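The block underneath contains the structure these notes are about, expressed in structure tokens.
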Amino acid sequence: MSYTDVDFTFEPGGYADNATPLVKNCWYVAGFSSEISRDVISRRFLGTDVALYRTMAGEPVAVRNRCPHRSFPLAKGRLEGDVLICGYHGMQFDPSGRCVNMPSMPIVPANANVRSFPIAERGPIVWIWMGNPDLADESKIPDTSWLADPAWKSVCGTFPLNSDYVAMHENLLDQTHFPFLHPGTVGTLEYARSKLKVRQEGDVVIIDRSLKNSPPPGIYGIPTNLMHKNVDRLSEARFASPAVHTAFAQIIDHEPAAGRPSIYRFNITHLITPESNGRIHYWWFNSRNFDLDNAETDKFLYEASNKAYLEDVDALEAILNVVQTDVEPQFDLNFAPDKPGLMMRKVLHQLASAEANYQYA
């Protein structure tokens, strides 16, 4: 299809919303590395069903989950070595998507192939490119190197949600909701009121924020054992791509206890892949550079993070439901703290508009 087939008009200088065509020329997450194995699974990315598996050598493979003969889902077939066999008529496809055998025909037709997708593995993440394959430059995969760095320890989770990726990114860039939607874990009123600086570098939107001499929120104060004292808190949050939001936090203790660090660092990684305009796949990591072998810290950070992100899920699903079902139009108000989200929405609109004349198989 092409974006020109979509009933959508791009307005110069516009802002993306839940109806804006999805950006395809981007590295998105296909899953945790641990999710992709010799058992063929299927997932829908940007409206297209994809079958995912690994070769005998362990390389991830992504092909369209639709046999070119009668549209039978290839994930319902089976693997023999590196060959994926359709469970309907037995057509056999190699990892490139080329049909190498067709039991009912002595010669395989030249056009009996299935689309394959560029795919790459970086640490605990498998990335996929759903757009023009000629543009799939692996050097443009967003940096998440800390997830594979032994100097860091991560907890992680995943769940799907009924929301659009525009709203999800806006939620992650909106730090004023933290103390109200996530009381006791992520946010404090002082942090919501602290001054922020927002800047843009190319298609990346960055927020810098500092809060000095203030108590930390629970998600940072409890694992650092600093709930009893004031600290300095520095953070950088960034819309890194349509697929990635990262947040880097430093907690500075100017009078550390014996044997404890003076600076604690947390890297929060949010990975977002649209299934459609109204549903997304979501993976998250909470990484730290201290107490790497402390299982109690692992448990706390997993439970606190999962609680906060499920609160986001509930909010975003409620918002999309109102937007889609309330028949009375409303133009949502915007205020000064909404600037980072509006900058992100403009970037997404520009990226989608730039793809408007591309055609995909």
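Since this is a predicted model, take the numbers as computed values, not measurements.
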Does Glu311 reach the side chain of Tyr309, with side-chain heavy atoms less than 4.5 Å apart?
no
Is the closest side-chain heavy-atom distance between Ile119 and Trp127 below 4.5 Å?
no
Can you say whether the rings of Phe290 and Phe266 are parallel (under 30°), tilted (30 to 60°) or perpendicular (over 60°)?
perpendicular
Neighbour count >12 (heavy atoms, 6.0 Å) for atom CG, Asp293:
no
Among Val63, Leu74, Val100, Val83, which residue meets the side-chain contact (heavy atoms from CB on, under 4.5 Å) test with Phe93?
Leu74
Taking every non-hydrogen atom, the tightest pair across Gln250 and Arg265:
CG-CG, 3.9 Å
So Asn25 and Trp129, side chain to side chain contact (heavy atoms under 4.5 Å, CB included) or not? Walk me through it.
CA-CA 7 Å; Asn25 288 324; Trp129 182 275; 3.7 Å; yes
For the residue pair Phe159 and His281, establish whether any side-chain heavy-atom pair is separated by less than 4.5 Å.
no
With distance as the sole criterion, is a donor-acceptor pair present between the side chains of His182 and Asp312 under 3.5 Å?
yes
Are Arg66 and Ser71 close enough that a side-chain donor and a side-chain acceptor fall under 3.5 Å?
yes
Determine, for Arg279 against Glu317, whether the closest basic-nitrogen to carboxylate-oxygen distance falls under 4.0 angstrom.
no
Please round to the nearest 0.5 Å and tell me the distance separating atom OG of Ser37 and atom CG of Leu79.
9.0 Å
With no hydrogens and no angle check, just 3.5 Å: does a side-chain donor-acceptor pair link Ser42 and Asp49?
no
Note: Ala237 and Gln175 closest approach over all heavy atoms is CB-NE2, 3.5 Å
Please determine whether a side-chain nitrogen of the Lys or Arg among Arg78 and Glu80 lies less than 4.0 Å from a carboxylate oxygen of the Asp or Glu.
yes
With ring centroids as reference points, do His169 and Phe239 lie under 6.0 angstrom apart?
yes
Step by step, work out the side-chain hydrogen bond (donor to acceptor under 3.5 Å, both in side chains) result for Thr269 and Trp283.
CA-CA 8 Å; Thr269 311; Trp283 297 265; over 6 Å; no
Between Arg43 and Glu275, is there a side-chain N and carboxylate O pair less than 4.0 Å apart?
no
Of the non-hydrogen atoms in Ala243 and Trp27, which two are nearest, and what is the gap between them?
CB-O, 3.3 Å
Would you mind checking if Lys346 and Asp203 are paired as a salt bridge, meaning a charged N to carboxylate O distance below 4.0 Å?
no
Could you tell me whether the side chain of Pro242 reaches within less than 4.5 Å of the side chain of Leu348, counting heavy atoms only?
yes
Around atom CZ of Phe248, are there more than 12 heavy atoms from other residues, nucleotides or ligands closer than 6.0 Å?
yes
Does the distance from a Lys or Arg side-chain N to an Asp or Glu carboxylate O, for Glu236 and Arg199, drop under 4.0 Å?
yes
Search all heavy atoms of Met168 against all heavy atoms of Ile272 and return the closest pair with its distance.
CG-CD1, 3.6 Å
Please report the C-alpha distance between His270 and Tyr282 in whole Å, then the side-chain angles of each, then the deciding distance to 0.1 Å, and finally whether the side-chain hydrogen bond (donor to acceptor under 3.5 Å, both in side chains) criterion is met.
CA-CA 7 Å; His270 303 275; Tyr282 172 50; 2.7 Å; yes
Could Lys24 and Glu355 be called an ion pair, given the rule that one side-chain N must be under 4.0 Å from one carboxylate O?
no
